Number of protein chains: 2
Amino acid sequence: MTPRRTRPTINQVAEAAGVTKSSVSRAFTRPEMLSEETVRKIFAAAEELGYVPNQTARALSTGKHGNIALIVPDVANPFFPPLIRAAQSEADRSDYCVFLGNSDEKPMQEDKLIARFGGQVEGFLLVSSRLSDEQIVNHAARRPVVLINRDVEGIPRVLIDSATGVAEAVRHLASLGHRKLVYVAGPQGSWSNKQRRAAVRRSARQLGIEVVHIANEYPAFESGRRIVPSVLASGATAAIAFDDVTAQGMLAELLARGISVPEQLSVVGCDDVLGATTYPSLTSVSNRSVEAGRTALTLLVDILSNQAIRDVRYVLSTTVVIRSTTGAAVAMARP
Amino acid sequence: MTPRRTRPTINQVAEAAGVTKSSVSRAFTRPEMLSEETVRKIFAAAEELGYVPNQTARALSTGKHGNIALIVPDVANPFFPPLIRAAQSEADRSDYCVFLGNSDEKPMQEDKLIARFGGQVEGFLLVSSRLSDEQIVNHAARRPVVLINRDVEGIPRVLIDSATGVAEAVRHLASLGHRKLVYVAGPQGSWSNKQRRAAVRRSARQLGIEVVHIANEYPAFESGRRIVPSVLASGATAAIAFDDVTAQGMLAELLARGISVPEQLSVVGCDDVLGATTYPSLTSVSNRSVEAGRTALTLLVDILSNQAIRDVRYVLSTTVVIRSTTGAAVAMARP
DNA sequence: CTGTTAGCGCGTTCAA
DNA sequence: TTGAACGCGCTAACAG
């Protein structure tokens, strides 16, 4: 038997079961309102016809679509896939479908996506949003928004506190004798970048270490390679990069230039997305993106069902994971 | 001014513009049917109220939802994110929203996702589907389906032909003096796996090389590490892995065991997702997933607008990318 | 417990 | 070129 192209409607089921649409509707939403006998009849008829409730029609009358939008700056950046995966499987548990959006690190694109999805989702999960606080607050006024790695007062948010891990990393470098280090930055609009940068500065000052800041808009392997000359020119003996991918690019370029790590330069990454897969294996700040994704999605689902718009601020702290790219500072001439 | 919670409807715009709903509807779908003057008035009113057509209501009456579902086995596997990204941005160009589904390599989960999305999408893009041919044909009978890396007669599909690249890789190894190699397999249900395995065998036979097949269900870094003992035990001098991630795991384990690559064992990956980021940099079969994603999505959109269900079979060929994990075969005792 | 009656917001005939 | 009326498939009062 070949499957029909047009799906059976609630009316056909009603007729087949000898009841009205209302009863069929109830059988699928609140069966406890019906007699067991009726429910049985209806399900039998539905099964027979291969009836499945029409989500769209249901959404039109209830306003609930059962969809959630998940927007990230760059799907291809290894930081996001595990997070996406975690959020997905959590959404799955609550029978939500998730739209995925890729903003390409561009606020305008992100805004456009939110508008496009707006009509058919109940809430948004914005990861590392590049939007302004004002824009975020505005969207949140229309429908529930949960943020990951973005700290906006009044909006439920899950933050991966890389500051703790970064501080540990700086202390680790200090204990190895480093007195001057560079911070290779990430995207301007990134909350994580501001946080990491501040953490590096603060810890360094406390330990009497000098910090050089090097800008680098797009966090990627290639930009990591390109930034190496500036790092070398700075005269620092260690570098902390915005993320693992950037650090990996640096590692490759350093290797290509015959500069040995960590003997001549120590390198630290962030987010630990590469694990021990680089060579030398990368010292990094731990990653909690999976928990962040899971937590944020649970939070969103929670808000959607309780409609209690709480101001939650969930913080996940991090630590430094020491591997093989950090070592003793090179001997330097004293002034 | 604070944004309203409830969006303006077509009726409010109609009233504000001094026309009926019909005209407003037409202004947004077929403006050429209206006088310029009326269209102008309507748009002005819409703009003023911040009116945006309700996708759901529109979908209910037209049957077009403007959504596409993209299902992959594992978002976190680096092969997929670039493909997803490419498909996304292509969908974006045609104003489609995309649902992302993660099947966890499980046919049942994939089926469940298809059912869940079914009600609100116009078509499916199934990547490396783990479903049976029969299941796929069945779904395709209900609504348009485009396949990536899955070859089912009658279903539009985009195939990355890794066979050409794998054959090149085998010849490359042969020219380096290898006489016995192992193929570290991928998921059973994977079309790519079958294709690669067959290509290895065929090329090897032609060149008089012996092949050992080693099963390995889940393609991941850890399983790559675990498989190393078997590889070593086989006595082969070279290994071709199902994908780069598996190969990377092998590399790490080999390094940990003090076995040097390629001096003692040559390793080849597939899909080239890691680029030159491993150490030693991995020889691999080229990756065309971005083109595959873009092409497949264009194809789907095309089918959706032309409703001409053509039997397309788009093949992208590959080559071997030689880097540093392949070298001369180790000297072996002659029998 | 079950049927009846209204919409949800929009597209689309059919007339005018 | 525009308007009036109906229907998409389902849920939600309101009766009974």
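Below, chains carry the letters A, B, ... as their sequence lines are ordered, and counting in each starts from 1. Quick note: numbers below take in every heavy atom, side chains included, and nothing from hydrogens, waters or symmetry partners. Worth saying up front: this structure is predicted, and the values here are computed from it rather than measured.
- In terms of phosphate contacts, B:Thr56 brings no side-chain nitrogen or oxygen within less than 4.0 Å of OP1 or OP2 of C:dC10.
- Between B:Arg294 and B:Glu291 there is no salt bridge, since none of the side-chain N atoms of the basic residue sits less than 4.0 Å from a carboxylate O of the acidic one.
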Check: residues 8-16 of chain B side-chain donor-acceptor pairs under 3.5 Å, at least two apart:
unit_1	atom_1	unit_2	atom_2	d
B:Thr9	OG1	B:Asn11	N	3.1

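- Between B:Thr29 and C:dG11 there is no side-chain polar atom (N or O) within less than 4.0 angstrom of OP1 or OP2.
- A:Asp111 has no carboxylate O lying under 4.0 Å from a charged side-chain N of A:Lys106, or vice versa, which leaves the two without a salt bridge.
- Under 4.0 angstrom from either OP1 or OP2 of D:dT11 there lies no side-chain N or O belonging to A:Ser61.
- Distances shorter than 4.0 Å separate some side-chain N or O of A:Ser23 from OP1 or OP2 on C:dG3.
- Using a 4.0 Å heavy-atom criterion, one finds that A:Val19 contacts the sugar-phosphate atoms exclusively.
- Atom CZ in B:Arg58 sits about 5 Å away from atom P in C:dG11, given to the nearest Å.
- The side chain of B:Ser22 contributes no N or O atom lying less than 4.0 Å from OP1 or OP2 of D:dA4.
- When the nucleotides C:dG11, C:dG9, D:dT1 are ranked by their closest atom to the side chain of B:Ser25, C:dG11 comes out on top.
- Of the side-chain N and O atoms in B:Ser35, one or more sit less than 4.0 angstrom from OP1 or OP2 of D:dT2.
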